[in-house]
Amino acid sequence: MSLNIIMSLVAVVVLGAIAFVGGSVPGLQSVFGIWIPYAAVAVFFLGFAYRIFKWAKSPVPFRIPTTCGQQKSLSWIKQNKIDNPSSTKAVILRMFFEIVTFRSLFRNTKSEIKGDRISYEWEIWLWLAALAFHYSFLAVLFRHLRFFLEPVPYCVKIVETLDSFFQVGLPVVFASGIVLFAAVLYLFARRVMIPQVKYISLIADYFPLFLILGIAGTGLYMRYFLRVDIVAIKTLTMGLVTLKPLIPANVSSMLFVHLFLISTLLVYFPFSKLMHMGGVFLSPTRNMANNSRMKRHINPWNPDLEFVTYEKYENDFREKMIEAGLPVEKES
Amino acid sequence: MDIKPEEMIKINTKPPAKHWMDIPADLSEGKFCYPAKAKSLEYLHLPNPRDWSPADEDWKLPENWQQIIHEGFKERLDKYRSLKVFMDVCVRCGACADKCHFYIGSGDPKNMPVLRAELLRSIYRNDFTTLGKIFGRLAGARKLTPLVIKEWFSYFYQCTECRRCSVFCPYGIDTAEITMMARELLNLIGVNIHWIKDPVSNCSRTGNHLGIQPQNFKEIIEFFCEDIEEITGVAINPSFNRKGAEVLFVTPSGDAFADPGTYTFMGYLMLFEHIGLDYTLSTYASEGGNFGLFTSSDMMKKLNAKMYHEAKRLGVKYIIGGECGHMWRVINQYMDTMNGPADFLDVPKSPITGTVFENAASTKMIHIAEFTADLIKHNKLKLDPKRNDHLKVTWHDSCNTARAMGLLDEPRHVLNAVCNNVFEMPPSTTREYTFCCGSGSGTNTEEIMEQRLRGGLPRANAVKYVHDKYGVNMLGCVCAIDRAVLPPLMNYWVPGVEVTGLHELVGNALVMDGEIERTMNLRMEDLPGAEGDSDE
């Protein structure tokens, strides 16, 4: 195991331990249950907005979409409108597929040299795991609205019903939590087991994985093993959203671990690679139309530069040009 | 090449035990491009001209080089959203890793696009992020040392800006963009390569990369015309620098200079003669390519400025551009923004078919493959594809026309009209998935031949597939650099496959008015079956 993995794991374990101890001390419960979550949410939103603002502040001087299909040219040649969009509508469609279905990742192949031949096989697992991870995370997040809204909205209940589709016995088992946990494990295993990916991996890659593993793990543990007091938890969460925070009795210390790891994630988010969530919308190779021959794109800092004009050129070569019978502007 | 192909293809993909930050770049002879000469830099008014070698310990960097790089980096972060976003959003999923031809061909982890970007990102973190400043290497940051500059020089000239990785990246991170920025930074401290700077300085003065002076340019073309007359019996007299022509034709100077590009140039001349196009060539705007693209956006703009400048002076209506890869990246994605608006030109309209090229409504410049495909679609060309029957052709999509434009079906339409035997390479290696020739972005220089052959391996291997399976013996392309570099690549990996431009094939199939019976192709090789020969 590399140092990066150990340090990331240790960091998450230490964070969890701090919260566990803190959550067991009555005087500190409000710190871990109220003030840190409040601060984390604030940092998340402000940080997120700040990062987006910082990106958006830099202009996009050139129109540089990566074209992944036939351009719009002659009327009888079929354009690939999604992968080589020329209109805003098509760009929106391209972005939609990119963000909702991870279209580019779907293309993933694995190259291998066998004897004197290089083969390229479709490699679907990263795409599948990424999709499973993000959508199960979204489902889990959405289901958690139950803790922040009273009465629980109908749509949350629908998602819960769908999520517990494969249920056997009680308590109701939500697929999303388990898929999330499994997908993170897969992403971690992949990172460690593919030598090339391991070679490029930083703490910044392992830490969020362990953090999310910790969050999902504590959640699953509370729900299926500890069978924590849900009413107490909802009292706490409702207190948070209604800005009348309170720490009810009977709250499991594990909840403070859960909350603290989430708070860590929220604070860490805007300053990490997790900002790919916002960045993907701003990627110039994906969010621009390939129409720069149809419509002029403006560069706000387009510099005025001196170049070798025809006049200078002719001055340099006039005699030779005349001798060769080439037309000139000035005879001497 | 000392290494045999069967040895070179044995590639070790196991990453080294040492951390990549602790492995200095290999800058022994044969592993680097020769540096730019002092006089080229002086002519171009670029910083720090001097004589040096990458093999030297001391690169004679300017005294405050670290400050120059830091400020240059900051300036570019403020000017390019792409750079800023690409520095921040990579999750190191590794999807790009084995998409790079240099990685596939070398197994060197620093050739994985993700790690190539980390070479720059590590400095970005150190200089511009809080976590990087506090945690240093734990946060993936490192200090800017001379070894970092050496590593940049090595690996940002092992990227050909082909954009294949960008197709697969879930965030569209484009290593071409990162390489362009890194090269701009290196240029600020006078670290640049001869093979790029020499053409750039030539192009500034003579109008083309090869330094062909006006009288010589005219002679070369006239020489082509003599050959054409010998082959076809048709005399052609193209005009030069002629005011009032309808069209200005600009193509890479490589096509005027070296085989097999020269045959492509002959194909253009024959086509234009055949349809009676009112066009002129310019000795001043005699370069379609733009090695400025491989230097800096400023240099790109300066070299590109000549096209519109000359079009305006000559009073033409629009411009047709020849077959070239990176030239078309510049024209499609940069020209109008940099040097437009071209409001003195008209929207291109084919005088033969009446087709209006709305897709070039602003830039007013069309690709010859678009122009010719339109002619063929309207049955305006008399073609005899049987003349190309001895060829089994496969099609190489050039990186830039594929991934920075999307010119995919136009050349195929032309190809299928002029050749009867066309075989596509496997789909994971064509169209937007096409593999680079391994020598693009100004790295087509002799001294790094091993790097070029390794980088070209995936392309060559796909050609070998159709060569073995269908007996393909000709590789077609629309790129001048391809025409220069694919022949040695084929010679090494797939002997028996030659390289051609699209319009060489057109020229061979074209039945011109008043021509004699063809017994030779444009290469002056006897046509099989001609002069009453039997096929046996």
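For the numbers below, each heavy atom of this structure counts, side chains included, while hydrogens, waters and symmetry mates do not. Since the structure is predicted, the reported quantities are computational estimates derived from the model, not experimental observations. Order of the sequence lines fixes the chain letters, A, B, ..., with proteins taken first and strands second; residue numbering starts at 1 for each chain.
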Task: Under 4.5 Å from any heavy atom of chain B - which part of K110(A) - done: both
TODO: Below 4.5 Å from any heavy atom of chain B, which atoms of N299(A) appear? Answer side chain, backbone, both or neither.
DONE: both
Answer yes if the side chains of [X] and [Y] hold a donor-acceptor pair under 3.5 Å, and no otherwise.
X: N290(A); Y: N332(B); answer: yes
X: Y171(B); Y: E98(A); answer: no
X: N216(B); Y: K320(A); answer: no
X: Q71(A); Y: E370(B); answer: yes
X: E410(B); Y: S73(A); answer: yes
X: K295(A); Y: S362(B); answer: no

Task: Centroid-centroid distance, Y80(B) to W301(A), less than 6.0 Å - done: yes
Open item on the list: For the aromatic rings, using the six-membered ring if either is Trp, is the centroid distance between F435(B) and Y120(A) under 6.0 Å?
Closed with: yes
Answer yes or no: is there an ion pair linking [X] with [Y], defined by an N-O contact shorter than 4.0 Å?
X: R313(B); Y: E329(A); answer: yes
X: D343(B); Y: R296(A); answer: no
X: R205(B); Y: D316(A); answer: yes

Task: chain A contact via R92(B) - which portion, at a heavy-atom distance below 4.5 Å - done: both
Task: Contact class of T283(B) relative to chain A, heavy atoms under 4.5 angstrom - done: both
TODO: Check whether any side-chain heavy atom of K57(A) lies under 4.5 Å from a side-chain heavy atom of R81(B), and answer yes or no.
DONE: no
